[in-house]
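Take a look at the structure set out below.
So that the names make sense, note that chain A is the first sequence line, chain B the second, and so on, each numbered from 1.
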Amino acid sequence: MIFRLGYVAMTLGLKDCSPSGTVTFTNYNKIQTEEGKLHRLKKLSKANLENTLRILYYNKAMNIHVYRLTSKLIPLASHPEAVKWDYVNELHDEFKAVGDYIMENNFRVSAHPDHYTLINSPSEKVLEDSIRDLDYHVNIFEAMGLLDYKYKLVLHVGGLYKDKKSSVERFKENFVKLPDRIRKRIILENDDKSYTARDVLGICMDLNIPMVLDVHHHACVNQGEHLDKLLPDIFNTWNGETFNPKIHFSSPKSEKDFRNHADDINLTDFVQFLKTAKKVKRDFDIMLEAKAKDQALLKLSASLTGIEGLTRLNESYFEM
DNA sequence: TCGTGTCAAGATCTT
DNA sequence: AAGATCTTGACACGA
């Protein structure tokens, strides 16, 4: 079986190549004219898309095909008070260049709306803001021409609101009401505090949603279950999907800051997880969430060369 | 050019 | 009930 490695958003191997250039709302407001504001947003967005393309060139050169797009491609896009503009059409060519390159080279790209996006919130406003943010993310995929639902948005279940059971119910109610173009993109990940892998698996099986296991989060909070028990079912939530199952992997920064991400991936823990994954006998992808991004990936990749039972096919592809 | 406080956003813990 | 904390990369501003 084959597994692949990927990383998140930015590339330390490239200088001056942030795909997440932005402007603070405070500063944005200092710009006097509507035209000036628009110009600023457009300039930043254009640079972000160009840098994303550069990152993809780099990924291709490095044989890395699993990559998470930044959520910050279009600054203030879902900010309620920022000027509304048609970034999809105005940046059509830039979006298309990125999307074409992704499809031509079979990249598996995804996005991960940040933790303010909560579709199980009891607040009508928070829900509304969240849907607007999801809409923005889908707009980006669509603008790139990534119309296939295989390009996913990773979400957490949300807050507990002092009552897990009703909060899960609210998630389900709100989820099924989402428009197809959003709902069919969403996949769910266990978090490091509230919703365990087992909680999320239950929801995913109920609603037919692919689940992303975060191994680190599972170590932070669990109900005593071993991953051996859960992993086959987690992978089965991907049956019928185009892409293989995906998991997230990161290492704790320290014993004290256990939930924080370390710069690199702990080799011992990683190999330990591979042993569990091997039993499932299924190809899968691993999104590395390490602060050293692509450098952490390459470092891990290099150190996996000597591991017994593992064949390194290239920088990010392994057979075991 | 460098260092540091600040930043759109919510939830939850602390006081 | 209000304020602090979480966590993160990048801005913004001043030295």
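An OP1 or OP2 oxygen of C:dA10 is reached within less than 4.0 angstrom by no side-chain nitrogen or oxygen of A:Thr24. One finds a side-chain N or O of A:Tyr161 lying less than 4.0 angstrom from the OP1 or OP2 phosphate oxygen of B:dA11. Distances shown here put a side-chain N or O of A:Arg259 below 4.0 Å from the OP1 or OP2 atom of C:dT7. OP1 and OP2 of C:dC11 both lie 4.0 Å or more from every side-chain N or O belonging to A:Thr22. Considering only side-chain N and O atoms, A:Asn27 lies under 4.0 angstrom from the phosphate OP1 or OP2 of C:dC13.
Atom P of C:dA4 sits at a distance of 12 Å from the matching atom of B:dT6, rounded to the whole Å. Taking atom P in both B:dA9 and C:dA12, the straight-line distance is 15 Å, to the nearest Å. Rounded to whole Å, the P atom of B:dG3 lies 25 Å from the corresponding atom of C:dT7.
Residue A:Val126 has its side chain nearest to B:dA11 when only B:dC7, C:dC6, B:dA11 are considered. Listed nucleotides: C:dG9, C:dC13, C:dA10. Nearest to the side chain of A:Lys293: C:dG9.
Separating the NZ atom of A:Lys256 from the P atom of C:dT7 is a distance of 10 Å, rounded to the nearest angstrom. In this entry the distance linking NZ of A:Lys30 with P of B:dT6 reads 13 Å, nearest Å. In this structure, A:Asn29 atom CG and B:dT6 atom P are separated by 19 Å, rounded to whole Å. Remark: C1' of C:dC6 and NZ of A:Lys193 are 6 Å apart, rounded to the nearest angstrom. If you measure from atom CG of A:Leu134 to atom C1' of B:dA9, you get 13 Å, rounded to the nearest angstrom. For the pair A:Leu41 CG and C:dC11 P, the interatomic distance rounds to 14 Å; values are reported in whole Å. One can place CG of A:Asp16 at 11 Å from P of C:dA10, the figure rounded to the nearest angstrom. Rounding to whole angstrom units, CG of residue A:Asn260 and P of C:dT7 are separated by 5 Å.
The pair A:Glu319-A:Arg312 does not meet the salt-bridge criterion, since no charged nitrogen lies less than 4.0 angstrom from a carboxylate oxygen. Checked for salt-bridge contact, A:Lys150 and A:Glu241 miss the test: no charged N lies under 4.0 Å from a carboxylate O.
Across all strands shown, A:Gly21 has heavy atoms under 4.0 Å from sugar-phosphate atoms exclusively, and none from any base. Nucleic acid contact for A:Ser18: sugar-phosphate only, since backbone atoms but no base atoms lie under 4.0 Å from a heavy atom of the residue. Contacts of A:Thr117 with the nucleic acid, taken as non-hydrogen atoms under 4.0 Å apart, are absent. Residue contacts shown for A:Ser78 include a base, since a base heavy atom lies under 4.0 Å away.
Ring geometry for A:His65 against A:Phe107 counts as tilted: the plane angle lies between 30° and 60°, on a 0 to 90° scale. The aromatic rings of A:His156 and A:His217 lie tilted to each other, with the angle between the two planes from 30° to 60°.
You can call A:Tyr116 stacked on the base of B:dA9; the centres are under 5.5 Å apart and the planes sit within 30°.
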Criterion salt bridge (charged side-chain N to carboxylate O under 4.0 Å, His left out) on A:Asp283 and A:Arg4, from CA distance to verdict: CA-CA 9 Å; A:Asp283 295 346; A:Arg4 306 187 293 181; over 6 Å; no

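The pairing partner recorded for B:dT1 is C:dA15, the criterion being a Watson-Crick or G-U wobble arrangement whose two distances lie under 3.5 angstrom. Using the Watson-Crick or G-U wobble rule with both distances under 3.5 Å, C:dT8 pairs with nothing in any strand shown.
Under the 4.5 Å side-chain criterion, counting only non-hydrogen atoms from C-beta, A:Met211 is not in contact with A:Phe235.
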